[in-house]
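Numbers restart at 1 for each chain; the letters A, B, ... are given by sequence-line order, proteins then strands. Just so we're clear, the structure is a prediction, and the values are computed from it rather than from any experiment.
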Amino acid sequence: MSGHKMEFPITWGMVIDIDKCTGCGACMASCQTENNVEPQREASNKLRATSWMLVYELTNDKAFPNHDIAYLPRPCQQCGNPPCVSVCPVIATDKNENGGIVSQVYPRCIGCRYCVAACPYHVRYFGWYDPIWPEGMEKTLSPMTSVRPRGVVEKCTFCHHRWTQAKDAARVAGKDPDNLDDGAYVTSCVQNCPSGALAFGDIKNPKHKVHELVKSPYAFRLLERLGTDTQVYYISRREWVRKLGDNYLKSE
Amino acid sequence: MEEKRSNSAGGVGGMALFALIGFVGALVVGWGIFPKMLYSQKTQPIRFSHTVHTQLGIECEQCHHLGPDGRFAGLPSTESCAECHGEETGDTSANGKEIDKFVKDYVKTGRQVPWLVYQYQPDNVFFSHAAHKGFECTKCHLDVAKTDTPPPYYENRLSGYSKDTMKMWECERCHASMGTSNACFVCHK
């Protein structure tokens, strides 16, 4: 399972244009409601709060007038060679399905948090508390995602349930569920991004626009040198932003 | 020595007797008492007769169909039942009384019938009826079309699930024999 890259005929990928991101946080909010993440009791406590999608603020550390900032939304990077999968002692997380989405099965997770430590992108969250929806807010619960109990690890699944729904819709319409149209399956954050910074589709399908976007000379991936081979690409026309995507020596 | 020998001679018969009693007792507990203790028996809120409806020529899909977006619509709503059963019949037969009970309790009050679903899956399972359309319904479901009285619903007292809920190994076995992927996210959410 570990150490070798897996190839799938369908490879769901996200392309995030950092230059278009305004840092509004609509992706974070829509992700939380879509995926039944409980209303956070203390969101400022970053060691205990859960946010499958998280927007980071980047800065070039220069003084005015050269000061510049950027926002970087961070979902699960769905690594081609996921460090979390190789450390899981109970195969609660795996990458073995067409589409290349790293799965997480909550009833099987024993909460050892090896994967939390192994993930270089900090996308994995441990449930420190029993989830509680304040009275009335339980009406926002979605039947499409299961609710996690305390004591297991959770993470972004690329709104995997939307894929199963899209496949069902294709089947009923008499279309091929393994060759979905561009836009038939998009994640909640992509759908709700007001500035169009997020794009989603099958990287290997030439009919999907992400197929072209990942070939952009401005495209890069986070910590590419680790060999994780992620399925999330970022685009920025600013060189300092691209430089922040990985660790470089001073001489480079 | 004498005493010891007579003891062991009597012990063999006694032990065989006790072993037999223990064996039979274990069978009674394991096959009879424990399953009865584990499952509580419930009956459907309305004695819906599938036979009467199938004899009228109604197909399964007329009430249990897929939605336009591919989602399974499940059980019909009170409103769709009321298209035929909108008024009390006043019929004094057993079936007539049951229809009147349905009309009085659910149609007039506008409530949905809390049907007990024999194969309801846990909330972390996604089952696609659209993907399994090629199979006969009865391959997985009870053949309720042949029942005049709905079979009793057995609820596991520990897990709260129905006895007839398909187990993961059953899903996996069929997927394996069909050459379909058994990856976690094929069925889990």
Answer yes or no: are there more than 12 heavy-atom neighbours, outside [X] itself, under 6.0 Å from its atom [atom1]?
X: Lys167(B); atom1: NZ; result: yes
X: Tyr56(A); atom1: OH; result: yes
X: Lys108(B); atom1: NZ; result: yes
X: Glu59(B); atom1: CD; result: no
X: Phe127(B); atom1: CZ; result: yes
X: Arg41(A); atom1: CZ; result: yes
X: Gln41(B); atom1: CD; result: yes
X: Lys101(B); atom1: NZ; result: yes

Value rounded to 0.5 Å, distance of [atom1] in [X] from [atom2] in [Y]:
X: Asn36(A); Y: Lys189(B); atom1: CG; atom2: NZ; value: 8.5 Å
X: Ser128(B); Y: Arg171(A); atom1: OG; atom2: CZ; value: 4.5 Å
X: Asp123(B); Y: Thr145(A); atom1: CG; atom2: OG1; value: 9.5 Å
X: Lys95(A); Y: Phe185(B); atom1: NZ; atom2: CZ; value: 11.5 Å

In the structure I gave you, are the side-chain heavy atoms of Asp69(B) and Gln165(A) within less than 4.5 Å of one another anywhere?
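The answer is no, as the side chains (C-beta and beyond) never meet within the 4.5 Å cut-off.
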
Side chains of His188(B) and Tyr106(A): closer than 4.5 Å at any heavy-atom pair?
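No - every pair of side-chain heavy atoms lies 4.5 Å or more apart.
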
Side chain from CB out, backbone as N, CA, C, O: work out which of these in Pro143(A) comes under 4.5 Å of a heavy atom of chain B, or both, or neither.
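Contact with chain B involves the backbone of Pro143(A) alone.
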
Less than 4.5 Å to any heavy atom of chain B: does that hold for the side chain of Thr164(A), its backbone, both, or neither?
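Both parts, heavy atoms under 4.5 Å.
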
Quick check: closest heavy atoms across [X] and [Y], and the distance to 0.1 Å?
X: Asn96(A); Y: Ala183(B); result: OD1-CB, 3.2 Å
X: Val172(A); Y: Leu66(B); result: CG2-CD1, 4.1 Å
X: Asp168(A); Y: Ala131(B); result: OD1-N, 4.3 Å

Contacting region of Pro122(B) [heavy-atom separation from chain A under 4.5 Å]
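Neither part.
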
Counting heavy-atom pairs under 4.5 Å with chain B, which one of Ser103(A), Ala166(A), Pro107(A), Ala169(A) comes out on top?
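Top count of heavy-atom pairs under 4.5 Å with chain B: Ser103(A).
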
